[in-house]
Amino acid sequence: MESIEPQSLKKLCLKSLKKSRDLFSTIHSQLAPLDPESKRIRMSHKISVEYEGIKVGSEIVPGQVNSAAVEASGSSTVLAISGPGDSRVSQKGGAQNALVVGPSLQPKTQNDAGVSGKSTSVITASGSSERNFLTSAIMERIPSKWPRPVWHPPWKNYRVISGHLGWVRSIAFDPSNTWFGTGSADRTIKIWDVGSGRLKLTLTGHIEQVRGLAISQRHTYMFSAGDDKQVKCWDLEQNKVVRSYHGHLSGVYCLALHPTIDLLLTGGRDSVCRVWDIRTKVQAFALSGHDNTVCSVFTRPTDPQVVTGSHDSTIKFWDLRYGKTMLTLTHHKKSVRAMALHPTEHCFASASADNIKKFSLPKGEFLHNMLSQQKTIINAMAVNEDGVMATGGDNGSLWFWDWKSGHNFQQAQTIVQPGSLDSEAGIYALSYDLTGSRLVTCEADKTIKMWKEDEDATPETHPLNFKPPKDIRRF
């Protein structure tokens, strides 16, 4: 058999381009017009292309170029050809420059200025030449547009509270920021003092673990939901249940209060998010559409007023006037167990085992992924006004992120209390206090841990180790 000459991919591409042009071009004497769209695509992918030789007619020009080869008419153009050896030509000048390849090259004359030997130059239509010894690229390299993260001090654990007899599953802060409540698998709700961490009160009434907790900013009410299908309203002046909301067909996993209307939203294993009127106990809507457990929900004053995340790996925006779906986001591949609404910006983040993604509101446009993967089931997440997002995982990992850039600046690991198994390192719920300066995590070793920023840390002691991503995923 005859040996086939090996051809480089670059050479094949050039052959293919020339054939296509000869086949489809109507006027062979004119150069192909510049295509701004194709240049934009090339620029966005930052592909650098090198040409070592261009075949013109029957003559191959390996390292030489004629000044007469460049037409003065039309837009300004540049022929960039790398010379022999390691010398290369770098193109400068943005959108006005283009590679000249075509049959309109004129014959060589004695006055031509060319490229020979090791030196390289760029020859423009006006006749000026500019020496350049940089590495070659047909188009200019654009700097990364990824935002640089803001420096945040690392967070440290300063208090461990033990008192529950089961996994601590839910947390909510009081609007006065003086106490917070936690719901547990021991079927109790405990009220703790924020400053001292002391137990103030224990409420009993649920017959299964308490999975959701919310405290009203407008009334003296606290709401709880659990695996016993019950949703209860507690009067905090009398410390007893004053209302129960019946309707869920299975365990209730999440709970949220509307910020401006007296509405309560609960989601559970019956794949439905139910909307309750707080005062009359009437179910206003049953927002059905998910194919699996609704495990996260948050509300906003404006549309979309209700956003739910589910084990069916979708996020749904709901129209509260008609009780219908406005939009479904299908970006995640795994269950969306946690979502966090930014306190000031119009965007939110959602977490699943595959990735943490950021979306804009109200349209739900995908913004970007966080730049690292926690590689665990993320049960809870929260973000404060300083742009620090915390995510808690099933394996006890607590990661801190810069909200704007998606950079993971700290990876903490919770330590189980003495007497617990190492496998009980898991974070089920977390929340910032109202100032955003303290973080409280609810864990599988039956403890509640409080975290704060390290006051002694500086950008010198904890430098920012950030590398912008090379490729930006668009989904």
Side-chain angles (χ1 to χ4, degrees), residues 212 214 225 247-248 250 252-277 283-371 373 377-383 387 389 391 401 403-404 406 472-475:
H248 273 286
S250 193
V252 188
Y253 279 19
C254 57
L255 178 140
L257 280 166
H258 196 284
T260 54
I261 314 170
D262 287 338
L263 290 177
L264 173 69
L265 295 106
T266 55
R269 271 179 51 190
D270 53 7
S271 310
V272 174
C273 178
R274 298 182 191 272
V275 184
W276 310 89
D277 186 321
Q283 179 180 300
F285 288 115
L287 306 177
S288 57
H290 282 295
D291 298 331
N292 210 326
T293 304
V294 178
C295 48
S296 52
V297 61
F298 68 82
T299 60
R300 305 170 63 240
T302 55
D303 280 337
Q305 293 180 52
V306 184
V307 180
T308 57
S310 167
H311 283 340
D312 64 8
S313 75
T314 65
I315 299 166
K316 284 185 185 286
F317 291 5
W318 300 90
D319 189 331
L320 205 52
R321 287 171 300 174
Y322 307 113
K324 295 198 175 353
T325 308
M326 293 172 68
L327 185 66
T328 303
L329 305 177
T330 57
H331 295 71
H332 284 287
K333 299 181 181 69
K334 303 280 183 184
S335 307
V336 184
R337 291 172 183 259
M339 295 190 297
L341 177 67
H342 194 281
T344 54
E345 296 178 16
H346 294 293
C347 52
F348 74 98
S350 59
S352 91
D354 62 344
N355 230 321
I356 301 170
K357 297 179 186 290
K358 212 162 96 181
F359 299 92
S360 71
L361 287 167
K363 293 186 178 178
E365 292 155 339
F366 173 69
L367 297 175
H368 64 86
N369 288 322
M370 294 295 152
L371 299 184
Q373 284 184 308
I377 293 170
I378 296 171
N379 291 316
M381 65 194 306
V383 59
M389 184 171 72
T391 56
W401 312 78
W403 175 265
K404 190 170 85 167
I472 300 167
R473 288 181 60 180
R474 291 170 174 80
F475 54 89

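The first residue of the sequence shown is numbered 1, and numbering continues consecutively from there.
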* Asked: Do Val383 and Pro343 touch side chain to side chain, with heavy atoms closer than 4.5 Å?
  -> yes
* Does any non-hydrogen side-chain atom of Val275 lie less than 4.5 Å from one of Leu287? -> yes
* In Å, rounded to the nearest 0.5 Å, how long is the span from CG of Leu341 to CZ of Phe348? -> 8.5 Å
* To do: Give a yes or no on whether the backbone of Thr330 and the side-chain of Ser313 come within a donor-acceptor separation of less than 3.5 Å.
  => no
* To do: Return the minimal non-hydrogen interatomic distance between Ala286 and Arg274, and the atom names on each side.
  => CB-NH1, 4.0 Å
* What's the shortest heavy-atom distance between Leu371 and Trp401, and which atoms? -> N-CZ3, 4.3 Å
* Would you check, one step at a time, whether the test side-chain hydrogen bond (donor to acceptor under 3.5 Å, both in side chains) holds for Lys316 with Thr325? => CA-CA 7 Å; Lys316 284 185 185 286; Thr325 308; 4.5 Å; no
* **Nearest atoms (heavy-atom pairs only) where Ser360 meets Cys347** => CA-CB, 4.0 Å
* Gap between atom CZ of Phe285 and atom CG of Leu265 - 0.5 Å precision -> 11.0 Å
* Given the rule in the side chain to side chain contact (heavy atoms under 4.5 Å, CB included) test, do Val307 and Val297 qualify, once you have shown the distances and angles that lead to the verdict? -> CA-CA 6 Å; Val307 180; Val297 61; over 6 Å; no
* To do: Report yes if the side chains of Arg269 and His248 come closer than 4.5 Å at any heavy-atom pair, otherwise no.
  => no
* Structure fact -> In short, Asn355 meets His332 closest at the heavy-atom pair O-CE1, 3.4 Å
* To do: May I ask you to test the Ser288-Val272 pair for a side-chain heavy-atom distance under 4.5 Å?
  => yes
* Between Ser310 and His290, is there a donor-acceptor pair closer than 3.5 Å when you use the side chain of the first and the backbone of the second? -> no
* Asked: Are the side chain of Asp312 and the backbone of Asp291 linked by a donor-acceptor contact shorter than 3.5 Å?
  -> yes
* Please examine the side chains of Phe317 and Thr308, heavy atoms only from C-beta on, and report whether any two atoms are closer than 4.5 Å. => no
* Structure fact -> In terms of heavy-atom contacts, Phe359 and Ser350 come closest through CE1-OG, 3.3 Å
* Structure fact -> CD1 (Ile315) and NZ (Lys357) are apart, to the nearest 0.5 Å, by 9.5 Å
* Approximate separation, where rounding is to 0.5 Å, of Gln305 CD and Phe298 CZ -> 12.0 Å
* **Residues Lys358, Phe366; criterion side chain to side chain contact (heavy atoms under 4.5 Å, CB included); working and verdict** => CA-CA 6 Å; Lys358 212 162 96 181; Phe366 173 69; over 6 Å; no
* **Contact check, side chains of Gln283 and Asp277, non-hydrogen atoms, under 4.5 Å** => no
* May I ask you to decide if the ring planes of His311 and Tyr253 are parallel, tilted or perpendicular, using 30° and 60° as cut-offs? => perpendicular
* Asked: Between Met381 and Ala349, what is the shortest heavy-atom contact and its length?
  -> CE-CB, 3.7 Å
* What do the steps show when you test Leu263 against Trp276 for side chain to side chain contact (heavy atoms under 4.5 Å, CB included), and what is the final call? -> CA-CA 6 Å; Leu263 290 177; Trp276 310 89; over 6 Å; no
* How many angstroms lie between CG in Asn369 and NE2 in His331, if you round to the nearest 0.5 Å? -> 9.0 Å
* **Worked verdict on Val294 versus Cys254 for side chain to side chain contact (heavy atoms under 4.5 Å, CB included)** => CA-CA 8 Å; Val294 178; Cys254 57; 4.3 Å; yes
* Spell out, as yes or no, whether a donor-acceptor pair under 3.5 Å connects the side chain of Lys333 to the backbone of Ser352. => no
* Asked: Roughly how far, to the nearest 0.5 Å, is CG of Leu257 from CG of Leu264?
  -> 5.5 Å
* To do: Could you tell me whether the side chain of Thr266 reaches within less than 4.5 Å of the side chain of Cys273, counting heavy atoms only?
  => no
